Amino acid sequence: MKQQLAPLLSAAVATLQADGVLPADQPVDIQLERTRDRKHGDFASNLAMVLCKAARSKPRDLAEKLVAALPESDVVTRVEIAGPGFINFYLAPAAYHAMLQQVLAEGEKFGRSTVGAGKSVQVEFVSANPTGPLHVGHGRGAAYGATVADLLEAVGHKVHREYYVNDAGRQMDILAASVYLRYLDLCGESFTFPSNGYKGDYVWDIGASLHRKHGDALRHSAEDVFRDITPDEPAGGDKEAHIDDLIARIRSLLGEEHYRETFDLGLDSILENIRHDLEEFGVCYDEWFSERSLTESGAVDRALERLKASGHVYEKGGALWFRSTDFGDEKDRVVVRDNGQTTYFASDIAYHMNKLERGYDRVIDVWGADHHGYVPRVKAALTALGDDASKLDVLLVQFAILYRGGEKMQMSTRSGEFVTLRELRNEVGNDAARFFYVMRKCEQHMDFDLDLAKSQSNENPIYYIQYAHARVASVFRQLPEKGFEWNADNGAEHLDRLTESHEDQLIVALSRYPEVVESAALNHEPHMLAHYLRELANEFHTYYNAHQFLVDDSDLRDARLNLIQATRQVIANGLGLLGVSAPDSM
RNA sequence: GCCCCGGUAGCUCAGUUGGAUAGAGCAAUAGCCUUCUAAGCUAUGGGUCAGGGGUUCGAAUCCUCUCCGGGGCGCCA
């Protein structure tokens, strides 16, 4: 609806520019907003106040000239100048009626747009290390990333959803070692499990499947495994050195082939678990991108070569450093360690280089806020490579802080003390979980009280919205019982019968939907949609309580059915974008 | 010490990128089911927008300083 008004203002500005009232050389940004209060009309523009300086005129005087210059339009019934110089527009009922019919005609496509048409965007999210099942901390990134991706798609972008699999590096070696040690335990060896190993039950399961496949064939005595290993921390040693020694020992005892097998068994079964978990959560990917493949394809070497060629790396203390301080980072960063191994950062440079090479117009990373310090160095690397770092948007999602019994819970994959995403979904349901995670803007810390989510799940706002949808469905179920039929065409002809203020407010709320979707998508703020849906449901419930839909007057009845059917449609569309179901009965 | 995020009603949070009288939910109080689902509706109370200074027609919103809370600052990933 906004698109119908903006040209009118542009035309008025053009007229005043031609008349010399406004300087002709300045481009004018047309600002048009929904009014907060219906008494101020439907839309308001602050144009006169913004331009009054350039016009050397009082805001209200300029507003009058602008209004006088507005072209005729059948969308607008009245234009008013108010307050310090606002220009308020009152829309014709016909404009709203046309919108209602558009909802019914377009169905699930209503609210989609083409503002992003022709633009491709890659969204990488979750990307949790495959060292354990997803926990509730990952859930927020999953729900947020998936919703941002869906929203961008809804406004016309071509979206590529991607999970970066950290299938290389020390954490994965620690997992492999943990799996092997559990296997040894199942073989009957006895020893103290390293304090730095992965202790979750799932590691036992993987160890068990290794045992099922090989029996005792891979068994080595605990004595051989632990001989001359740096003692663990509880034993007065160093837990990091302890686990590193164990990894090296296990690797040499097993041989490369069996070590790799153990490693991949851990990786594959956890990744499969994660994939399955996300799928059930309604989160799907176009690509699972392997970190290891970056090394194998030579992308890491190529990235380092390019940095060397452009003179942004140097050697110090046997290591290779990237001079990120040249690009505003607070200190330089190591890309190749003195032991010859490339760092995680080197992989990430190669990965982001790869993303841009694939030609996306925009690249979005959804990261936990704890990685915020990492943003400057990645952008620095892209700039150093000669790429356009401004194509990369890093969206930082603050932690969800878990509370149970009023106590803050520590989440640690290593210790195995965490609540999995699956447990959460089982307890509060997919819909509530998806909705809850995106209810707050991502920069906001989120208090996730498990007891509240579980014990009072009926008070979750999601039910309020779904209930509105179910109520409409229920009304339509009642139709035949009362001997009525819905004639949508007749309803369309009598929309002018919708004269109640509750109807008016509901219609206005519906008309906002496309604007909300667009704004939520372009700003990467799904919570705007969540809040909007609550307001829409509120308008509907109020209407429902105030008026009967299934009245004897068929013209009025059909018009009302058109209205509530459109409401049902918009709620379903909005919930769909949030990954939440819209049930017909509750 | 430096960096990021937050501070708005008793609690949890919105506030349309600087607009008109700062809004919801929960909690509290009082009402509404022989009528399409009461997981609903109506009404009431509740505020120094953390605090000071600045920018301008206009500030919860932008700038600056201070205070408070969370997180991050590795040749880990």
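First the proteins, then the strands, lettered A, B, ... as listed; each starts at 1. Computed from a predicted model, the values in this text were never measured in an experiment. FYI, side chains are in, hydrogens and waters are out, and symmetry mates aren't considered; it's all heavy atoms of this structure.
When each of A14(B), G40(B), A77(B) is scored by its nearest atom to the side-chain atoms of R440(A), the top-ranked nucleotide is A14(B). Here the side chain of V50(A) is nearest to one of U21(B), U16(B), G19(B), namely G19(B). Closest to the side chain of K39(A), from the set U21(B), C75(B), C76(B), is U21(B). With G19(B), C36(B), A77(B) as the candidates, the nucleotide lying closest to the side chain of K482(A) is C36(B).
Rounded to an integer number of Å, the gap from Q444(A) CD to A60(B) C1' is 14 Å. Per the geometry, CG belonging to L533(A) stands 16 Å off P belonging to G25(B), to the nearest Å. The distance between atom NZ of K316(A) and atom P of G74(B), rounded to the nearest whole Å, is 13 Å. Remark: P of G70(B) and CG of L396(A) are 19 Å apart, rounded to the nearest angstrom. Put simply, CD on E443(A) is 16 Å from C1' on U8(B), counting in whole angstrom units. Between E33(A) atom CD and G15(B) atom C1' the separation is 12 Å, expressed in whole Å. Straight-line distance from the CZ atom of R140(A) to the P atom of G71(B): 15 Å, rounded to whole Å. In this structure, Y543(A) atom OH and C41(B) atom P are separated by 16 Å, rounded to whole Å.
Side-chain N or O atoms of K2(A) include none that pairs as donor or acceptor with a backbone N or O of E33(A) at under 3.5 Å.
Under the Watson-Crick or G-U wobble criterion, with both distances below 3.5 Å, G47(B) is left unpaired in every strand shown. Base pairing of G69(B) is made with C5(B), judged by Watson-Crick or G-U wobble geometry with both donor-acceptor distances under 3.5 Å. Using N1 to N3 plus N6-O4 or O6-N4 for Watson-Crick, or N1-O2 and O6-N3 for G-U wobble, each under 3.5 Å, C32(B) pairs with G40(B).
With centroids closer than 5.5 Å and planes inclined by less than 30 degrees as the test, H40(A) and the base of A20(B) pass as a stacked pair. Ring-to-base geometry places F86(A) in a stacked arrangement with A20(B) (centre distance under 5.5 Å, plane angle under 30°).
At the heavy-atom level, A470(A) lies under 4.0 Å from base atoms of the strands shown. Across all strands shown, K331(A) has heavy atoms under 4.0 Å from sugar-phosphate atoms exclusively, and none from any base. Here D370(A) lies in heavy-atom contact (under 4.0 Å) with sugar-phosphate atoms only. Here A44(A) lies in heavy-atom contact (under 4.0 Å) with a base.
Ring geometry for W288(A) versus Y163(A): interplanar angle under 30°, hence parallel rather than tilted (30 to 60°). Between H527(A) and H531(A), the angle of the ring planes goes over 60°, which puts this pair in the perpendicular group of the 30/60° scheme.
When the side-chain nitrogen and oxygen atoms of H527(A) are compared with OP1 and OP2 of G15(B), one or more of them lie within a distance under 4.0 Å. One finds no side-chain N or O of R471(A) lying less than 4.0 angstrom from the OP1 or OP2 phosphate oxygen of A39(B). In terms of phosphate contacts, R557(A) brings no side-chain nitrogen or oxygen within less than 4.0 Å of OP1 or OP2 of C36(B). Here N538(A) reaches the OP1 or OP2 of C41(B): one of its side-chain N or O atoms lies under 4.0 Å away. OP1 or OP2 of A20(B) has at least one side-chain nitrogen or oxygen of R36(A) nearer than 4.0 Å. When the side-chain nitrogen and oxygen atoms of T542(A) are compared with OP1 and OP2 of U42(B), one or more of them lie within a distance under 4.0 Å. Taking only side-chain nitrogens and oxygens, Y544(A) never comes nearer than 4.0 Å to OP1 or OP2 of C33(B).
In U17(B) the base sits syn relative to the sugar, since the glycosidic angle is no further than 90° from 0. C33(B) shows a glycosidic angle within 90° of 0 and is accordingly assigned syn.
As rounded to the nearest Å, G52(B) and C67(B) have P atoms that lie 16 Å from one another.
The ring-ring contact (aromatic ring centres under 6.0 Å, His included) with F549(A) is formed by just one residue from the set F484(A), Y544(A), W486(A); it is Y544(A).
Residues Y144(A) and Y437(A) keep their aromatic ring centres 6.0 Å or farther apart.
Using a 4.5 Å cut-off on side-chain heavy atoms (C-beta onward), V79(A) and N88(A) make no contact.
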